[in-house]
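In what follows, residues are counted from 1 in the order of the sequence shown.
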Amino acid sequence: MRVEDRLPDQFSRDLLAGSLMVANDQNNPVRLHLAAAGLRELFGHILNADAPDDEVRACDWFKQEPNTKTVTRYQKAIYSTQGGLSDAFVEQLGLDVDDLHRAAIRSIEALNKATHVRPDTLVNDEATIKSFIDEALVALEGLLVSFSEGRSAVKEALADDVYRAMSDALIEQTFDNIDILAGKGYAIDPWIDDAEIEVEALRSQVIAVRFSGVANVTLHYGSKHDAAEIQHDFPFWLRFEAPVEKPTKLTLVAHHFDDRSWYS
């Protein structure tokens, strides 16, 4: 996967593209320094967009670093990787991305330094510029990979619990947009195809997990003597939330069954 494909939004992709355009402009004598400014802003946007200070501070693992009143970049990287999940839970997952976080912070510091251009700090050597930009891109990709690995590790750890919560919800829950199609009730087969689990959010107090797939539904009609049933497949998704202190305690908070194929 390209680093562009890992970026969270179009603004990030524009920042990256613009920074690299400047870096590759050999007619620009200060191209490294201008590109460094753009890449620094890209790192900052990625760290700040998904890690508001109040959310980071609300995590049980957060401790104010000495000699600063702010939330550090390193703490924002941790939050974007594990949200409010405890360090102990993360250790059980076998997730170790500390090196990726520290490499990103070192790169940001180097970018900061490079933006302050003076006559005696101007860099225009081609090999040096290429090496500098390449190192920044590797660090950027590592930071984005750490976020992805955090969600993947949580997804793998909770897979059985999500399947269980999904099955319970499909059996026990009444879904109005299906109920209205059935005259005498319906039954949903919880063993579905094309199932997907997605960790949508890791926040300070809760995690949000989405389960999607295709449910085979049997719709019942008529009375005992003229009973009839129709089977139909409905694409659907279910969203669950769990408190960070008990990630396996999943509660259904939203759902959607796509009934457009029924009416067509």
ask   = Going by heavy atoms in the side chains, are Ile197 and Arg210 under 4.5 Å from each other?
value = no
message = Any heavy-atom pair between the side chains of Tyr186 and Ile188 that's under 4.5 Å?
response = yes
Among side-chain atoms of [X] and [Y], is any donor-acceptor pair under 3.5 angstrom?
{"X": "Thr218", "Y": "Glu229", "value": "no"}
{"X": "His101", "Y": "Ser146", "value": "yes"}
{"X": "Gln173", "Y": "Asp168", "value": "no"}
{"X": "Asn177", "Y": "Asp259", "value": "no"}
{"X": "Asp134", "Y": "Ser131", "value": "no"}

Looking at [X] and [Y], what are the two nearest heavy atoms and their distance?
{"X": "Ala110", "Y": "Phe132", "result": "O-CZ, 3.8 Å"}
{"X": "Val22", "Y": "Arg31", "result": "O-CB, 3.1 Å"}
{"X": "Leu20", "Y": "Ile133", "result": "CD2-CG2, 3.8 Å"}
{"X": "Val244", "Y": "Ser204", "result": "CG2-O, 3.4 Å"}
{"X": "Thr115", "Y": "Ala36", "result": "CG2-C, 3.9 Å"}

Ser19 side-chain N/O to Leu15 backbone N/O, donor-acceptor pair under 3.5 Å = yes
request  = Return yes if some donor-acceptor pair links the side-chain N/O of Glu198 with the main-chain N/O of Ser212 below 3.5 Å, else return no.
outcome  = no
message = Could you walk me through whether Phe211 and Phe240 satisfy the side chain to side chain contact (heavy atoms under 4.5 Å, CB included) test, starting with their C-alpha distance in whole Å, then the side-chain angles of each, then the deciding distance to 0.1 Å, before giving a yes or no?
response = CA-CA 8 Å; Phe211 189 103; Phe240 301 90; 4.3 Å; yes
key: Inter- and intrachain pairs under salt bridge (Lys or Arg N to Asp or Glu O under 4.0 Å), touching residues 67-85, at least two apart   = Asp53-Lys76
query = What pairs meet the salt bridge (Lys or Arg N to Asp or Glu O under 4.0 Å) rule with one or both residues in residues 101-121, with sequence neighbours excluded?
reply = Asp98-Arg102
First locate atom [atom1] of [X], then atom [atom2] of [Y], and finally report the distance between them rounded to the nearest 0.5 Å.
{"X": "Leu95", "Y": "Glu149", "atom1": "CG", "atom2": "CD", "value": "6.5 Å"}
{"X": "His33", "Y": "Asn28", "atom1": "NE2", "atom2": "CG", "value": "10.0 Å"}
{"X": "Thr68", "Y": "Gln75", "atom1": "OG1", "atom2": "CD", "value": "8.5 Å"}
{"X": "Leu250", "Y": "Arg239", "atom1": "CG", "atom2": "CZ", "value": "13.5 Å"}

task = State yes or no: are the ring centers of His255 and Phe175 separated by less than 6.0 Å?
result = yes
task = Given side chain to side chain contact (heavy atoms under 4.5 Å, CB included), test Asp25 with Leu34 step by step and report yes or no.
result = CA-CA 11 Å; Asp25 182 5; Leu34 297 180; over 6 Å; no
inquiry  = Angle between ring planes, Trp262 versus His232, binned at 30° and 60°: parallel, tilted or perpendicular?
reply    = perpendicular
query = Does atom CG of Asp60 have more than 12 heavy-atom neighbours, drawn from other residues, nucleotides or ligands, at distances under 6.0 Å?
reply = no
inquiry  = Strictly by ring pair (Phe, Tyr, Trp, His ring centres under 6.0 Å), give each pair with a member in residues 44-85 just once, sequence neighbours left out.
reply    = Phe11-His45
